[in-house]
Amino acid sequence: MTTWDTIWTNAQLATLIAGASTPYGLIEYGALASKDGKITWVGAIKDLPGPADTLARTVVDLNGALVTPGLIDCHTHLVYGGNRAREFEERLHGKSYAEIARAGGGILSTVRATRDASEDALVENTLPRLDSLINEGVTTIEIKSGYGLDCDNELKMLRVARRLVEHRTINIKTTLLAAHALPSEYKGRADDYITLVCEEILPAAHAANLVDAVDGFCETIGFTTAQIERVFEKATTLGLNVKLHAEQLSDQGGAKLAARYHALSADHLEYLAVGDVQALAEANTVAVMLPGAFYALQETKVPPIDAFRKAGVDMAVATDCNPGSSPLTSLLLAMNMAATQFRMTPEEALSGVTRHAATALGIGDETGTLAIGKTADLAIWSTEHPSELTYNIGFNPLKTRIFAGVAQP
Ligand code: DI6
Ligand code: FE
């Protein structure tokens with residue numbers, strides 16, 4: 001009686017199920033089945049309801065290979081024009097990221113290059129970065145706007161992000177980050193720009209069905225909590241989830257604001273006061289760790305990891321891939337950096353790019369763990385133990401990426 005499409009058998013399954021009795025939710029000598037793109041069975045081979053070849057049309061013997069959920073990069077700025085290698089050189093000569101930004105470089109230089117690029121050119125520019133992530137077993141990625149900073153160009157960026165699924169097998173979640181920086185045409189009129197965001201950009205992007213969540217940059221070189229709150233109010237009115245770049249370069253009280261709006265996530269958090277950790281815990285807001293930006297900016301202040309642990313705040317890990325503070329297209333390297341720089345454990349790092357990353361995107365019931373009913377997005381690795389995914393530096397042990405139950409070439 002064949003009921004399932006595929007069974008992967010003889011696998012080591014890192015299920016990442018919350019509260020599992022084994023580290024990583026590991027099942028040795030495991031099997032996993034899928035049908036119509038969903039996981040239909042997960043467990044030990046000995047508990048299968050019959051011989052594998054009577055249960056599924058296709059049986060794949062994995063010979064002991066490790067299976068994890070497909071990886072999720074829950075914070076990226078993957079779509080942009082140009083690059084910032086020259087600014088990288090300036091920083092090496094001693095200028096700071098904030099100084100360059102205040103002088104009209106930084107984010108605003110990427111805004112100029114992104115406004116100048118056509119939609120097709122942006123798709124072409126973005127695909128190699130996306131491929132780098134896909135080659136490491138990534139099956140879901142969040143992409144933010146934020147380099148358009150006017151109605152046409154913010155919508156253009158979001159359309160580019162959405163169109164990537166025409167070229168690759170990937171799930172994309174889009175985030176409107178119009179409150180990323182003040183465009184030069186609004187210099188000295190930040191409140192007016194926020195009015196544009198609330199009254200025009202956000203409603204237009206939402207009406208075009210281009211927005212899955214709304215983000216902002218709460219920082220001295222970004223926007224104040226009062227300005228971000230106006231954006232959050234509007235997003236909430238439209239029924240959209242919010243998230244925030246908070247406490248990256250200084251403590252502005254952004255995370256507290258995010259918690260008040262039950263944000264899906266608060267991201268960066270190097271300068272978060274330990275006293276504000278509890279608010280994130282109470283709001284079930286995920287703390288997204290972005291060690292690539294910490295590394296590239298040679299930051300020395302580490303986010304309060306231990307306080308997150310003690311308070312039970314879920315920690316995700318993401319690349320923050322962007323042309324300025326984190327030109328990083330390796331989620332595996334982000335996991336290693338999270339361990340080496342932030343002292344996260346390999347198990348926390350892997351949970352951070354699977355279960356907690358899914359929660360940070362509001363799709364925790366669809367993906368992020370190996371559980372019945374979830375999408376059969378999987379990564380199959382030639383490693384002996386899941387800790388190797390975090391331990392290796394610049395090594396990619398991916399064997400096969402499974403997207404919605406189908407092995408990808
Ligand atoms: N924080 C970041 O790390 C990125 N955006 C933000 O708000 C950097 C964006 C850039 O420098 O282009
Ligand atoms: Fe970012």
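Given the structure is predicted, the values throughout are model-derived calculations rather than measurements. Atoms within each ligand, like the ligands themselves, are counted from 1 in listed order. For this chain, numbers begin at 1 and follow the sequence in order. The analysis underlying the following values was restricted to heavy atoms, covering all of them including side chains, and did not include hydrogens, waters or symmetry mates.
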| query | Taking D251 for the side chain and G253 for the main chain, is one N or O donor matched with an acceptor at less than 3.5 Å? | reply | yes
Under 3.5 Å: N or O atoms of ligand 1 paired with protein N or O:
unit_1   : atom_1 : unit_2 : atom_2 : d
ligand 1 : 1 (N)  : Q248   : OE1    : 2.9
ligand 1 : 3 (O)  : Q248   : NE2    : 3.2
ligand 1 : 3 (O)  : H268   : NE2    : 3.4
ligand 1 : 3 (O)  : D320   : OD2    : 2.9
ligand 1 : 3 (O)  : S325   : OG     : 2.6
ligand 1 : 5 (N)  : H180   : NE2    : 2.8
ligand 1 : 7 (O)  : H180   : NE2    : 3.3
ligand 1 : 11 (O) : R84    : NH2    : 2.8
ligand 1 : 11 (O) : Y97    : OH     : 2.4
ligand 1 : 12 (O) : R84    : NH1    : 2.9
ligand 1 : 12 (O) : R84    : NH2    : 3.4
ligand 1 : 12 (O) : Y147   : OH     : 2.6

| task | Just say parallel, tilted or perpendicular for the rings of H75 and H245, cut-offs at 30° and 60°. | result | perpendicular
| Can you check whether A296's main-chain N or O pairs, donor with acceptor, with R91's side chain at less than 3.5 Å? | yes
| Pair T140, N171: side-chain N/O donor-acceptor within cut-off below 3.5 Å | yes
| field | Cation-pi check, R112 onto Y147 ring (under 6.0 Å, within 45° of axis) | value | no
Please report, to 0.1 Å, the donor-acceptor pairs under 3.5 Å made by any side chain of residues 189-198, with sequence neighbours excluded.
unit_1 : atom_1 : unit_2 : atom_2 : d
R189   : NH2    : E185   : O      : 2.9
D191   : OD1    : Q227   : NE2    : 3.0
Y193   : OH     : A178   : O      : 2.7
T195   : OG1    : D191   : O      : 3.0
T195   : OG1    : R230   : NH2    : 2.7

| query | What side chain to side chain donor-acceptor pair (under 3.5 Å) pairs are there with at least one residue in residues 20-31, not counting sequence neighbours? | reply | Q12-E28
| message | Less than 2.8 Å away from the Fe ion (ligand 2), how many protein N/O/S atoms can be counted, ignoring water? | response | 4
| field | Donor-acceptor contact present, side-chain Q252 to main-chain S250, <3.5 Å | value | no
| When you measure from the side chain of T68 to the backbone N and O of A14, does any donor-acceptor pair fall under 3.5 Å? | no
